[in-house]
Amino acid sequence: MMTSVTQQPLVQPPAGIGTRLFAGNTGPVTVILLLFVAIWYAGAVYLNAPWQIDIYERAKVDWTLGDLVHETLRQERPVLPAPHQVLVEMNETIFGKRITSKRSLVYHTWVTLSSAFLGFVIGTLLGGLIAVGIVHVVSLEKSLMPWVISSQTIPILALAPMIIVVLGAIGLKGLVPKAIISTYLCFFPVTIGMVKGLRSPNPLQMDLIRTYSASKWQIFWMLRFPSSVPFLFTSLKVAIAASLVGAIVGEMPTGAQAGLGARLLAGSYYGQTIQIWSALVTAALVAALMVALIGWIERLTLKRMGLQP
Amino acid sequence: MSRRPDLFCLAALAFSGAALVMDLLFSDPATGIAGAPLFTAALALLCSVAGWWSWKSATTPGHGLALVVVVIGGAVVALVLLYGYGYAGQVSATFWLFILALWALAWRGIDCLAAFSSLNATRQRLVDTLIPVLFGAWLLFLWEVLVAGFEVPHVLLPPPSAIAARFAGSLDILRADFYQTFMKAVLAGYVIGCGSGFAVAVLVDRVPFLQRGLLPLGNLVSALPIVGVAPIMVMWFGFDWQSKAAVVVIMTFFPMLVNTVTGLSEAGALERDLMRSYGAGYWQNLFKLRLPAALPFIFNALKINSTLAMIGAIVAEFFGTPTVGMGFRISTEVGRMNVDMVWAEIVVAAIAGSAFYGVMALLERKFTFWHASYRQN
């Protein structure tokens, strides 16, 4: 971060809690978030007002600005639902329903998360395996690596509906097709990160371990793999986010049965904007949580390995 | 100098030998197709000779090229057998052994080519592009042969030839879809998203408070499934390309913002001091030092965004479009089980995506030629 330590006086005045908060990122982030919520409310009032005014005029009632604001924030199918409406809906569908119920957001989140997770695990293993191959076999590197890199430029998510429908046609439904989409979305970042990581030991270290006459296997487990761990975690964070996107998009073509993607689609069919937004916010929360979880595991692991103080 | 016998030569020898034996001993004239067994036998013989020769001689690129020529010849013959002789659907084990022998030879050929290293940059680049091209061609061949040989239903996986035929046969539709999705939605959204991201980043850069507040959030946003806003945008902006462009704007905004803000703080202390000693003002500083220093980051965002923009536009079309567009075509043709049309559309998307990315990479090379990653040692 950009905090310039050198310019601070040697003897610091006792800092109040406010000063300390705003010296780091917490204060600014909070302010920006509050600002964001305020803009959201203003936007909700602005976007929902035309419809509300229409109602007033048809009913020929007099209305004040206060009435308008009050009413626009509690419409049933608003153009843009207010944050508290989304929160209420989330509260009802997350805590208010049994988690096995089809109306529970926990159930839908679980459906999405399980296939995303399965795809994430398979994709990571596959990506790691390919990276190991690329690092150790010259002809694989020369023939495969250019394709791995250029495959990043292809909008691969466009394949999702076909995979779902075609696999569905041969009787493969539910978890697995979605997991396949997540797999191929998250194996590229892992491959690229791991290739970089497995190559990251510097020539000095490589020379040293060669003077110990280590075998390829030992070089891999004692030097290459440990030095690739930080790279691995960076790719894992990208991969879990991508696998979640894959699972959500994978739920759309199946005609909206279960999962967060299905909630989005069903909401858009029936104009249930609050439902769309609550699914969206939940997806965002889950994604952020997953990334944070991997970040936490990263910190623990790196600490154990002595790579981070 | 004694060398270890190459594993792939050995495999090629074993497979082609087995194919030869199977063909001569077990070929049944009643089920065999006229001329075909002799054909495979001759080829298997050729493969074994090539394998033997490759085992005996050194690993040189010329050698690799010779093997590649043999493999290409073998592949052409395999295709002729499949389609010319109506072999498809009733291929024998001999045929697969022959394909395996070809595979081993191909790998050996690539191995020989990959060992090539030259100080002549042009030659090195030539070989380095040839290898992945050959590899890709081999994969396509394998796909074709497997689908035809095992008679995989076209609904499940069409062979590349069927996709190419469909591609060539429906150029008008593909062009219209490309125009709707790429020229209208993607480009408009991309320009607006990247432009506004850049503008906001320059503004944010003036206020350190905003910078500290927005950067962590911007980083977080890149992990969120933003494509999910697609249904909302379709509700707000209607079915036409405007709603897709809106999705693209949202998807491309944050990577641009985060990268530009990071890039703007990239100029070194020495350079800043120099500019200060010249008495440069904010704008001079910005245009002469900090923006050029931020260019690698900005181009990074432009490259990431080129892919994101395509994804955003195509996925948004799954939620409703006028009856044209790449995403629309994909979702409707999937419904009709016209899988080869879907593949043709994906080929268009792949070409468009790579070309878009390639243009950005070329521009990057042109504008950031001074950067360490482009300098030769």
Side-chain angles (χ1 to χ4, degrees), chain A residues 1-2 22 24-25 27-33 36 47 79-80 138-139 141-147 150 152-162 164-166 169-170 237-238 240-241 244-245 248-249 252-253 260-261 264-265 267-268 271 273 276-277 279-280 283-284 287-288 290-291, chain B residues 107 110-111 113-115 128-129 131-132 134-136 155-157 208-217 220 222-225 227-232 234-236 265 303 306-307 310-311 314-315 318-320 326-327 330-331 334-335 337 339 342-343 345-346 349-350 353-354 356-358:
Chain A
M1 283 296 109
M2 289 293 298
F22 280 81
N25 288 334
V29 168
T30 321
V31 171
I32 299 276
L33 276 180
F36 175 71
L47 286 173
V79 180
L80 175 63
V138 183
S139 31
E141 180 205 343
K142 294 235 174 176
S143 54
L144 198 57
M145 197 58 184
W147 286 105
S150 59
Q152 293 266 294
T153 66
I154 297 171
I156 229 166
L157 212 57
L159 277 168
M162 186 173 60
I164 298 287
V165 172
V166 165
I170 59 165
K237 283 189 221 163
V238 178
I240 188 95
L244 210 60
V245 172
I248 290 176
V249 174
M252 289 169 183
L260 290 174
L264 284 178
L265 196 65
S268 89
T273 38
I276 299 183
W277 279 94
L280 205 58
M290 285 295 120
V291 174
Chain B
W107 195 304
I110 295 284
D111 260 350
L113 282 178
D128 282 350
T129 33
I131 294 172
L134 286 175
F135 181 76
V155 172
L156 201 57
L157 186 68
F209 180 81
L210 279 182
Q211 196 182 332
R212 275 184 292 151
L214 264 179
L215 257 192
L217 287 178
L220 177 72
S222 67
L224 303 183
V227 257
V229 297
I232 296 161
V234 173
M235 275 182 184
W236 285 5
S265 60
K303 285 196 288 184
S306 68
T307 317
M310 295 282 299
I311 290 177
I314 291 178
V315 172
F318 297 160
F319 286 97
M326 292 157 82
I330 289 175
S331 54
V334 154
M337 288 292 174
V339 180
V342 178
W343 277 100
E345 203 67 68
I346 284 166
S354 324
F356 198 4
Y357 188 93

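Residue numbers start from 1 in every chain, and the chains themselves are labelled A, B, ... in the order their sequence lines are given, proteins ahead of strands.
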Subject >> Engaged part of B:Met337 at the chain A interface, taking heavy atoms whose separation is under 4.5 Å >> reply: side chain
Original post:
Tell me, side chain or backbone of B:Ser306 under 4.5 Å from chain A's heavy atoms, or both, or neither?
Top reply: neither
Original post:
What part of A:Ile240 lies closer than 4.5 angstrom to a heavy atom of chain B: side chain, backbone, both or neither?
Top reply: neither
Original post:
Roughly how far, to the nearest 0.5 Å, is CD1 of B:Ile232 from CG of A:Leu80?
Top reply: 8.0 Å
Original post:
Which bit of B:Val234 is near chain A, if near means a heavy-atom gap under 4.5 Å: side chain, backbone, both or neither?
Top reply: neither
Original post:
If you measure from CD on A:Glu141 to CG on B:Asp128, what distance do you get to the nearest 0.5 Å?
Top reply: 9.0 Å
Original post:
Using non-hydrogen atoms only, which part of B:Ile311 is less than 4.5 Å away from chain A: side chain, backbone, both, or neither?
Top reply: both
**OP:** Check whether B:Val155 gets within reach of chain A through its side chain, its backbone, both or neither, counting any heavy atom under 4.5 Å.
**Re:** backbone
**OP:** Check whether A:Val291 gets within reach of chain B through its side chain, its backbone, both or neither, counting any heavy atom under 4.5 Å.
**Re:** side chain
**OP:** Please examine the side chains of B:Val227 and A:Val245, heavy atoms only from C-beta on, and report whether any two atoms are closer than 4.5 Å.
**Re:** yes
Original post:
Any idea which of A:Pro146, A:Ser150, A:Ala284, A:Gly267 has the most non-hydrogen atom pairs under 4.5 angstrom with chain B?
Top reply: A:Ala284
**OP:** Considering non-hydrogen atoms only, spot the tightest contact between B:Arg212 and A:Val29 and give its length.
**Re:** O-CG2, 4.0 Å
**OP:** Sort A:Leu159 into side chain, backbone, both or neither according to what part of it lies under 4.5 angstrom from a heavy atom of chain B.
**Re:** both
**OP:** Would you name the heavy atoms of B:Leu224 and A:Ala288 that are closest together and state the gap between them?
**Re:** CD2-N, 4.3 Å
**OP:** May I ask you to test the A:Lys142-B:Leu113 pair for a side-chain heavy-atom distance under 4.5 Å?
**Re:** no
Original post:
Looking only at heavy atoms, which two atoms of B:Trp236 and A:Val79 are closest? And how far apart?
Top reply: NE1-O, 3.0 Å
Subject >> Contacts of type ring-ring contact (aromatic ring centres under 6.0 Å, His included), residue B:Phe318, not counting sequence neighbours >> reply: none
Original post:
Out of curiosity, B:Ile330 CD1 to A:Leu157 CG, how far, rounded to the nearest 0.5 Å?
Top reply: 10.0 Å
**OP:** State, with a plain yes or no, whether a side-chain heavy atom of A:Leu280 is found less than 4.5 Å away from one of B:Val229.
**Re:** yes
Original post:
Taking B:Ala114, B:Pro132, B:Pro225, B:Gly327 one by one, which has the highest count of heavy-atom pairs under 4.5 Å against chain A?
Top reply: B:Pro132
Subject >> Segment of B:Ile110 engaging chain A (4.5 angstrom heavy-atom cut-off) >> reply: both
Original post:
Considering all heavy atoms of both residues, which atom of A:Met162 and which atom of B:Val334 are nearest to each other, and what is their separation?
Top reply: CA-CG2, 3.6 Å
Original post:
Which one of A:Ser143, A:Ala241, A:Ala287 has the most heavy-atom pairs closer than 4.5 Å to chain B?
Top reply: A:Ser143
Original post:
With chain A, which of B:Gly335, B:Gly358, B:Ala349 has the greatest number of heavy-atom pairs at distances under 4.5 Å?
Top reply: B:Ala349
**OP:** Name the region of B:Ile314, side chain, backbone, both or neither, that has any atom closer than 4.5 Å to a heavy atom of chain A.
**Re:** side chain
Original post:
Residues two or more places apart in sequence or in another chain: which of them pass side-chain contact (heavy atoms from CB on, under 4.5 Å) with A:Ile32?
Top reply: B:Leu210, B:Leu214, B:Leu217
